[in-house]
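Bear in mind the structure is a predicted one, so any value in this text is a computation, not a measurement. Numbers restart at 1 for each chain; the letters A, B, ... are given by sequence-line order, proteins then strands.
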2 protein chains.
Amino acid sequence: MAGFARFLAVLRLFDDTANAWTVPAMSDALGVPASTVYRTVRDLVAGGFLEAAHESVYRLGPAFIEYDRLLRLTDPLVSAGRGALHDVVAQARTPCVALLSRLYNDQVMCVADEAARDTAFRPSYERGRPMPLTQGATSKVILAHVPTRQLNRLLGAPKERDNRDGALRRELADIRKRGFCATASEIDAGLAGIAAPVIVREAGVIASLSLVADDTQLDEAQRRRLILLVVSAASLVAEALRHALQPPILNDTRQRLVK
Amino acid sequence: MAGFARFLAVLRLFDDTANAWTVPAMSDALGVPASTVYRTVRDLVAGGFLEAAHESVYRLGPAFIEYDRLLRLTDPLVSAGRGALHDVVAQARTPCVALLSRLYNDQVMCVADEAARDTAFRPSYERGRPMPLTQGATSKVILAHVPTRQLNRLLGAPKERDNRDGALRRELADIRKRGFCATASEIDAGLAGIAAPVIVREAGVIASLSLVADDTQLDEAQRRRLILLVVSAASLVAEALRHALQPPILNDTRQRLVK
DNA sequence: TCAATATTCTCATTTTTTGAGAATTGGTTT
DNA sequence: AAACCAATTCTCAAAAAATGAGAATATTGA
C-alpha cells in the first residue's frame, strides 16, 4: 500500500472509539515504519485533516469541519430541503425528527435533520451517519428509485441474490408504485419511519425526505396525515431542486472552462 | 506538485462559489493533464471525498459529512461545551448566538454554535468557518492565551512586528489579566461580542466560549450580566474538560499500542 | 538545565506516478 | 439500430517520488 491509500488508511484508523492516535500506535496498527507514518501525518496535518493535540496525540483536524460547512452551504439538495424539514416538523404536531437522506456513491447517508421542539428520542439516522441500504423507510424509498443496473451493483454479486433478493425487489417495486414507504421498528424499536422519494435525475439526485415518530402514539388517521405531509414536502423539494439547481452548475462549469 | 499535494490542490478548487467541477475544468485550472486529474479524482471518489454528480460534474463527497459527525461526537471540547452553549443562550434572555471556538493548527475556527430562539441576526462566526486571528472577542481571547513561542509564529515574521504588534500584545496581556474580552462592531457592524477563555493545557485545548448579541440593545447592567454568564460558563466547560477528557485518551492510546 | 522522547533528516533503492495518446465506454441522436 | 460525441480508462517507458533504517535534531517536562 502506498500513495493515496496510505492517507486513507491513516484516516480510517479514526472512529467512534479510537479518536486519538499517537504515531507509534498508528505505525503498529498499520504495520508501516514510524518514519513513513510521520511523513504521512505531517502531510495530513498540513492539509488540516489531522491536528496535533497534546502529548504527541493526533486527532481529526479542522478541514473536515470546514468542508462540511461548504457542503452544507452549497449542496443543492440541502439548501432546497432545509426549509421543508423545518415545515414538516412544525406541521407534524407531534414529537418527531425529519430527515433528508441521499444515495452517496454506494451508501445512504442523512445530509440534514431537524427535530421537533419537544422530541425526547433521537433516531439512529442522523446527519453524517452511513445507513444500511436495505432497511428502514428512508433507505428503501431511495433504493426503490435506483436504476436497475446500479441496483444490481449495490445489491452485490448475482450469487448472493437469493430468495430474499426477490422479495426485496418486489417490495421496492411496490414502494415505487405507491410513492412512499412507511415502516415501524425496522431500525429503532418503537419508532416509525415514513419516507417519500426526492428524485431529480437531471441533477443526479436520488434522495428521500422522511419522518421518524413514536409508533405507539400514531393512530391510523394520524399516520395517513403524516404520509400526506411527507409526500407533499418531498415533491416540493424535488420541484425546488429542478428549478434552482441546474443553471448554477452550468454557469459554474462554463466559467471554469473558459478561465 | 505531486503526491498528496495533488489531492489537496483538487479539493482546494472547491469553495463557496465553485462547488461543482468537471475534470477538464480542473485540468485547465491546475495546469495538469486530464489523464492525471482523472486518476486523482478517481482516488478521491473512492475515498468519498468527491462524488460524481450528474453530467460528469464532481462535487464534494460524503466523507466530509461523515468525519464531521465523528468530530462532533468525539471532540472533547464539543462534547464538554455543547450543553453550556444551550444554557448560555437560554439564560441570556435576549436574542443572541453562543459560540465555541478554538485554535486549530494556526487558525481560529468555531466548532459549535447555538442561537437563542428568536434571534434574527446571524454573526459571521459560525461552525466550520475559519476566522481572523486578531479580530473579534472570540479570537482575541484565544490569542491572549497562546504560549509566547507559538504566538510569535502565528503573528508572522519579526519584520512584520511593528507598532501595531506592540499594541496588540498589550491588549492581549490585558485580556489575559481581566479574564474576558468584550468588543462591539469589530466583526459585524452593530453586533457585540463577549468571550471568555477555555484553557486546558493538559488537553492541548486553547478555546473560547463567546456570545454575540445586538449591541444597541445592551445597557451597562445587561452587559455586565452577560460577561458574568459567559465567564462562568467558560470555566464550567474547562472544568468539565479537565475531568472528562484525559482518561479516555490514555486508554485509547494504550489499547492501540498493545494491539 | 538536562534527560527523555518525539520528530525530522539522509540517501540509496524500490516503487509509484506521470503524461501523451490510443482504446474504450456510455449515453444521445439520427 | 448505427453512428456519433464526449467522458473516462488504459498502456508503457521515462521521470519523479515514496520508502525504510538509522542517525541527527527538536521539543518538552522535570
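Salt bridge present: Asp174(B) and Arg178(B) bring a charged side-chain N and a carboxylate O closer than 4.0 Å. Salt bridge status for Asp43(A) with Arg39(A): absent, with no side-chain N to carboxylate O gap under 4.0 Å. Looking at Arg129(B) and Glu66(A), no side-chain N of the basic residue comes within less than 4.0 Å of a carboxylate O on the acidic one, giving no salt bridge.
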Output one letter per nucleotide in nucleotides 19-30 of chain D: B when a protein non-hydrogen atom lies under 4.0 Å from the base, S when only the sugar-phosphate is that close, - when neither is. BBBB------S-

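Side chain to side chain, Thr17(A) and Asp15(A) meet the donor-acceptor criterion of an N or O pair below 3.5 Å.
Within the helix from dT1(C)-dA30(D) to dT30(C)-dA1(D), the inter-axis angle between the opening and closing five-pair segments is 60°, rounded to 10°.
Considering only side-chain N and O atoms, Tyr38(B) lies nowhere under 4.0 angstrom from the phosphate OP1 or OP2 of dT9(D).
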Could you walk me through whether Leu11(A) and Phe49(B) pass side-chain contact (heavy atoms from CB on, under 4.5 Å), step by step? CA-CA 12 Å; Leu11(A) 290 178; Phe49(B) 294 98; 3.9 Å; yes

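In this structure, OG1 in Thr138(A) is found 9.0 Å from CG in Leu209(A), a value given to the nearest 0.5 Å.
With rounding to whole Å, Leu30(B) atom CG is found 16 Å from dT17(C) atom C1'. The interatomic distance linking Arg42(A) (CZ) with dA18(D) (P) rounds to 11 Å, in whole Å. With rounding to whole Å, Tyr58(B) atom OH is found 11 Å from dA7(D) atom P. Taking atom CE of Met26(A) as the reference point, atom C1' of dT7(C) lies 13 Å away to the nearest angstrom. Whole-Å rounding puts the Leu44(A) CG to dA18(D) P distance at 13 Å. Note: CG (Asp43(A)) to P (dA17(D)) measures 13 Å, nearest angstrom.
In this structure, the side chains of Asp75(B) and Arg102(B) come closer than 4.5 Å at one or more pairs of heavy atoms. Considering only heavy atoms from C-beta on, Ile65(A) stays 4.5 Å or farther from Arg69(A) through its side chain.
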